[in-house]
Amino acid sequence: MRKNIDIDELTLKKIKLISANENMSVKALMEKAVRLFVKSKEEEKYALLTDEEKEDIGLLLLMQQGDPEDTVSEEEIFKILQE
């Protein structure tokens, strides 16, 4: 996806200097910066969640890993619950 952003001249010069020091293009540096920012915000948000909310997210992730075509009969569920 292509997005245009406005950056002031001083910040742009700093970005160019950093990209030269890192031996990467300005575009690659900006993409890396955005990824790091998003990851940081995700970690901040996760740290603020309650234990119950963390558990809900974990269960959601586990459910997404499951095969939706894989089914279990009601009898099998009750059999497992009775054990």
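For the numbers below, each heavy atom of this structure counts, side chains included, while hydrogens, waters and symmetry mates do not.
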When you check the gap from the basic side-chain N to the acidic O, do E75 and K79 get nearer than 4.0 Å?
no
Hey, mind stepping through E44 and K41 against salt bridge (charged side-chain N to carboxylate O under 4.0 Å, His left out) and telling me if it holds?
CA-CA 5 Å; E44 284 178 23; K41 287 299 177 182; 3.4 Å; yes
Are I5 and I18 connected into the same hydrophobic cluster when the rule is that any two of I, L, V, M, F, W, Y join if their side-chain heavy atoms are below 4.5 Å apart?
yes
Name the one of M30, E31, K32 that satisfies side-chain contact (heavy atoms from CB on, under 4.5 Å) with M24?
K32
Is V72 linked to F78 within one hydrophobic cluster, defined over Ile, Leu, Val, Met, Phe, Trp and Tyr using a side-chain heavy-atom separation of less than 4.5 Å?
yes
Atom CD in E55, atom CD1 in I57: separation rounded to 0.5 Å?
11.0 Å
Residue pair L29 / I15: nearest heavy atoms and the distance that separates them:
CD2-O, 3.5 Å
NZ of K13 to CD1 of I7: how many Å apart, nearest 0.5 Å?
14.0 Å
Separation of E83 CD from L81 CG (nearest 0.5 Å)
9.0 Å
More than 12 heavy atoms of other residues, nucleotides or ligands under 6.0 Å from CG of D67: yes or no?
yes
Beyond-backbone contact of Q64 with L61, side-chain heavy atoms, under 4.5 angstrom:
yes
Given 3.5 Å as the limit, does a donor-acceptor pair link the side chain of E53 with the main chain of T50, or not?
yes
Just how far is it from atom NZ of K16 to atom OG1 of T11, taken to the nearest 0.5 Å?
12.0 Å
Has N21 got more than 12 heavy atoms of other residues, nucleotides or ligands less than 6.0 Å from its CG?
yes
